[in-house]
*Asks:* 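This is the structure, below, for whatever I ask next.
Chain naming here is simple, since letters A, B, ... match the order of the sequence lines and numbering starts at 1 in each. Only this structure's heavy atoms are used, side chains among them; waters, hydrogens and symmetry mates stay out. Computed from a predicted structure; not experimentally measured.
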Amino acid sequence: MKLKLQINQVIKDAFFKAGIDEEPMSVTNATKSAFGDYQFNGAMALSKKLSKNPREIASQIIESLDLSGILCKAEIAGPGFINLWMNPLWIAEQCQIALGDERLDIGKTKTPNRVVVDYSGPNMAKQMHVGHLRSTIIGDTLASLLTFLGDEVIRQNHIGDWGTQFGMLIAYLEEIGEDGSVSLKDLEQFYKDAKGRFDVDPSFADKAREYVVKIQSGDSHCLELWQKFIDISLGHCEEIYEKLSVNLTREDVRAESFYNDELPKVVADLASNGTLKESNGAQCVFLEGDEIPVIVQKGDGGYLYATTDLAALRYRAKTLEAKRISYVVDARQAGHFKQVFRVAKESGFVGEDVHLEHVGFGTMMDKNGKPFKTRDGGTVKLIDLLDEAVVKAKETIKNKEDYSDSEINALAKIIGIGAVKYADLSINRESNYIFNWDKMLSFEGNTSLYMQYAYARIQSIFRKYDDEIKGEIIIGDDLEHRLALMLLRFEDVLTRAARDASPHQITSYLYELATLFMRFYEQNPILKSDVDEETKMSRLLLANLTAKTIKQGLALLGIEVVDKL
RNA sequence: GCACUCAUGGCUCAGCUGGAUAGAGCAUCGGUUUGCGGUACCGAAGGUCUCAGGUUCGAAUCCUGAUGGGUGUACCA
């Protein structure tokens, strides 16, 4: 249900009927319920243009407004606000349509785009750490959301599998022999051990450097070892994806090395474009207004991050034919992407009609507002963080006596992982956020547990009432009106969240919805004996749609719900 | 130095292309139950939206400047 679009259409019709030859601005949500459901503020803005009193314009619009369908009441207020009330019969009807539809009456876009979402991007030489969390889950949410709304999404996991460090790792892998997979279990330790050998043993170091050259020249033995290393390392990442319910598979991997053959071509094409300049021995692109150039080839002939990104951009635009390419990467790389995007467009690697965006996000901080680290100052491994979340979640539910151990474990996973994800996704991605176990595992406030609790509470209603629900939604009071209307807003929220690549808009909505339901439920009994049948049915239907909306919303965030908590 | 970014009650955060008396949660204080899941709900108190100008009928939101944090700043990714 594209709610706003429909209301805007009614306004537009009124403009036409009133003979106002202007494009009306969009209605906005009413700032408070006394002002109706929606408000139109365009009369003030038109005042100067039409040289008329805004209230006069407002009344002119209202006179032409159709109040027999979607809307049922309109009032002028203050300097020229038009407050709009939705028709409860229409709202009820639309809710029923949503209830009868698997997709909750959320349409697929008529103009689907092919979108590349680049996210996660772990480094194969190291374990995933907390820094990878945000990219992984924000990216996955964006991908799911766009898919749900009808776009054709291509996930791209741009893993770091190339560079000098791999020579060292492979040399070490060969040294310890064929059962390397065992010692690779702790990648961090493996890396440290390899580094240790590298630092103390010059012959090992030489061998490592030799390997780098060998890999790059395509030596089959070295490539085999390298491949083995990548496979194992990727396997570790996949364990994490599994835990996080993130939909990334091997099919989605387009590693750095994938673009190797393209790198010389990127430089050659830039050279033939005439955009390339040599500076201090390096091949650079100087952008107008930028002091710092984009270096695409080092003095020693090696290629850089920017070169690979240009190759990847070209691949995504030309081969994959994407019209929107979203990079879910740390905000600190904003400068880099700004430059690379410009080079890609100016050199024609990417067409003018392709929308390139850097979906940046802030850093995870500890309670004191400092970057999140372990006690000894090291980076926190993502796997440890997730395991701890499950342990902590278990503590909060351990007093449940009617659950078996395996049920508790399953529940703890859903709750713990959900809490970490929700806490992250519920905050405006662009700002840094403070990581706080107590807050995220609380049942109070805008948390996953509050949402899951609300859902489970509704399910418990349906455990008590498992008959057929026959009847229809009747909007009986203000709370029902607001709840029903909130339910219809779902698609508008999703569309905007997708446009802005902003998952927190979904969580804000869901929280508002859940709070509204709790208030509704508190005041409006459903299964109590003094509730007449018609009202009971109507409220059951509203409860059901609320539960479905919460479930769908959380599903898009990759968070599960449970019937019993 | 330059560039980017952020600044909203004690704390953590919203604020939807500028709109009416700036909203939540936590913490504080008070209330609701023979309770359809009280891990809930209701209420109170708490903010000159960092500061100073400007644009506008109208600014937390846009512009300029200042202050304070964060980040980036050519051969790492």
Side-chain angles (χ1 to χ4, degrees), chain A residues 4 25-26 28-32 34-35 39 41-42 44-45 47-48 54 77-81 83 121 123 125 158 160 162-165 256 279-284 286 289-300 302-306 308-309 330-336 338 360 362-363 365 367 369 371 396-397 426-428 430-434 436 438-439 442-447 449-450 452-454 456-461 463-465 492-493 496-497 499-500 502 504-505 507-509 511-512 515 518-519 521-529 531 536 539 543 564-565:
Chain A
K4 243 179 208 176
M25 64 191 274
S26 173
T28 58
N29 295 355
T31 47
K32 53 168 76 177
F35 296 155
Q39 54 179 279
N41 303 325
M44 277 93 73
S47 168
K48 197 170 255 178
F81 297 103
N83 295 334
N123 188 327
H158 191 82
W162 207 245
T164 48
Q165 55 201 338
E256 276 182 318
S279 174
N280 297 329
Q283 296 300 320
C284 308
F286 285 88
D290 279 7
E291 280 180 41
I292 302 146
V294 179
I295 303 180
V296 292
Q297 191 170 23
K298 296 195 277 188
D300 67 4
Y303 302 104
L304 291 133
Y305 184 30
T308 313
D309 268 339
D330 194 299
R332 281 175 285 203
Q333 293 189 35
H336 164 78
K338 205 171 171 187
T363 312
M365 305 296 212
K367 270 185 181 173
T396 69
I397 54 169
S426 62
I427 284 165
N428 175 1
E430 295 185 62
S431 50
N432 295 343
Y433 85 99
I434 295 182
N436 183 333
D438 294 338
K439 202 182 140 197
S442 164
F443 279 89
E444 290 163 343
N446 187 9
T447 66
L449 273 172
Y450 182 87
Q452 287 165 331
Y453 174 75
R457 210 174 161 187
I458 296 173
Q459 294 316 304
S460 120
I461 300 171
R463 270 196 297 280
K464 289 214 161 57
Y465 182 91
D492 285 347
V493 171
R496 208 164 72 91
R499 187 197 65 194
D500 301 343
S502 200
H504 89 279
Q505 292 177 15
T507 60
S508 292
Y509 166 81
Y511 180 59
E512 233 180 298
T515 325
M518 290 286 202
R519 293 177 60 191
Y521 190 39
E522 203 75 26
Q523 278 189 33
N524 301 24
I526 297 180
L527 297 182
K528 290 188 181 170
S529 54
V531 181
K536 185 198 280 183
R539 289 177 182 169
K564 277 175 79 177
L565 200 60

*Asks:* Heavy atoms only, 4.0 Å cut-off, all strands: where does A:Gly335 land among base, sugar-phosphate and nothing?
*Replies:* nothing

*Asks:* In whole angstrom, give me the gap between the C1' atoms of B:rA74 and B:rG18.
*Replies:* 41 Å

*Asks:* Round to a whole Å and report the spacing from CZ of A:Arg539 to P of B:rC36.
*Replies:* 16 Å

*Asks:* What does A:Glu430 touch in the nucleic acid at a heavy-atom separation under 4.0 angstrom: a base, only the sugar-phosphate, or nothing?
*Replies:* nothing

*Asks:* Categorize A:Tyr450 for me: base, sugar-phosphate, or nothing, with a 4.0 angstrom heavy-atom threshold over every strand shown.
*Replies:* sugar-phosphate

*Asks:* A:Phe35 stacking on B:rA20: centroids under 5.5 Å, ring planes under 30°?
*Replies:* yes

*Asks:* When rounded to the nearest Å, what value does the distance between C1' atoms of B:rA59 and B:rG53 take?
*Replies:* 13 Å

*Asks:* Considering every strand and a 4.0 Å limit on heavy-atom distances, what is the contact class for A:Thr28: base, sugar-phosphate, or nothing?
*Replies:* sugar-phosphate

*Asks:* Could you list, one pair per line, each protein nitrogen or oxygen that sits under 3.5 Å from a nitrogen or oxygen of nucleotides 12-15 of chain B, together with the distance?
*Replies:*
| residue | atom | partner | partner atom | Å |
| --- | --- | --- | --- | --- |
| B:rU12 | O2' | A:Lys439 | NZ | 2.1 |
| B:rC13 | OP1 | A:Ile434 | N | 3.2 |
| B:rA14 | OP1 | A:Asn428 | N | 2.7 |
| B:rG15 | OP1 | A:His504 | NE2 | 3.0 |

*Asks:* Expressed in angstrom and rounded to an integer, what is the separation of A:Asn83 atom CG from B:rA20 atom P?
*Replies:* 11 Å

*Asks:* With rounding to whole Å, what would you report as the distance between B:rU56 and B:rA66 at their P atoms?
*Replies:* 23 Å

*Asks:* Which nucleotides of nucleotides 54-62 of chain B have their base under 4.0 Å from a protein heavy atom (B), which only their sugar-phosphate (S), and which neither (-), written as one string 5' to 3'?
*Replies:* --SB-----

*Asks:* Between the base of B:rG37 and the ring of A:Tyr453 - centre-to-centre under 5.5 Å, planes within under 30° - is that a stack?
*Replies:* no

*Asks:* Base, sugar-phosphate or nothing for A:Leu565? Non-hydrogen atoms, less than 4.0 Å.
*Replies:* base

*Asks:* Of all residues at least two apart in sequence or in a different chain, which pass the ring pair (Phe, Tyr, Trp, His ring centres under 6.0 Å) check with A:His336?
*Replies:* A:Tyr305

*Asks:* Would you write out the dot-bracket form of RNA chain B, 5' to 3', with Watson-Crick and G-U pairs under 3.5 Å, [ ] for crossing pairs, | for pairs to other strands and . for unpaired bases?
*Replies:* (((((((..((((.....[...)))).(((((.......))))).....(((((..]....))))))))))))....

*Asks:* Which is true for A:Asn41 with a 4.0 Å heavy-atom rule: it touches a base, it touches only sugar-phosphate, or it touches nothing?
*Replies:* base

*Asks:* With a cut-off of less than 4.0 Å, is there a side-chain N or O of A:Arg457 near OP1 or OP2 of B:rG38?
*Replies:* yes

*Asks:* At under 4.0 Å, does any side-chain N or O of A:Lys4 touch on OP1 or OP2 of B:rC16?
*Replies:* no

*Asks:* A:Asp309 near the nucleic acid: base, sugar-phosphate alone, or nothing, with a heavy-atom cut-off under 4.0 Å?
*Replies:* nothing

*Asks:* For the side chain of A:Ile292, starting at C-beta, report the closest nucleotide among B:rU17, B:rC36, B:rU73.
*Replies:* B:rU73

*Asks:* Of all residues at least two apart in sequence or in a different chain, which pass the ring pair (Phe, Tyr, Trp, His ring centres under 6.0 Å) check with A:Tyr450?
*Replies:* A:Tyr511

*Asks:* Looking for any heavy atom pair under 4.0 Å, which part of the strands does A:Gln39 touch: base, sugar-phosphate only, or nothing?
*Replies:* base

*Asks:* To the nearest Å, how far apart are A:Glu291 CD and B:rA3 P?
*Replies:* 9 Å

*Asks:* Counting only side-chain heavy atoms from C-beta out, which of B:rC41, B:rA74, B:rC36 sits nearest to A:Leu527?
*Replies:* B:rC36

*Asks:* So which protein nitrogen or oxygen atoms get under 3.5 Å of nucleotides 42-45 of chain B's nitrogens or oxygens?
*Replies:*
| residue | atom | partner | partner atom | Å |
| --- | --- | --- | --- | --- |
| B:rC42 | OP1 | A:Arg519 | NE | 2.7 |

*Asks:* What contact category does A:Arg463 fall into here, base, sugar-phosphate, or nothing, at under 4.0 angstrom with non-hydrogen atoms?
*Replies:* base

*Asks:* Indicate, with a heavy-atom threshold strictly under 4.0 Å, whether A:Ile295 touches base, sugar-phosphate, or nothing.
*Replies:* base

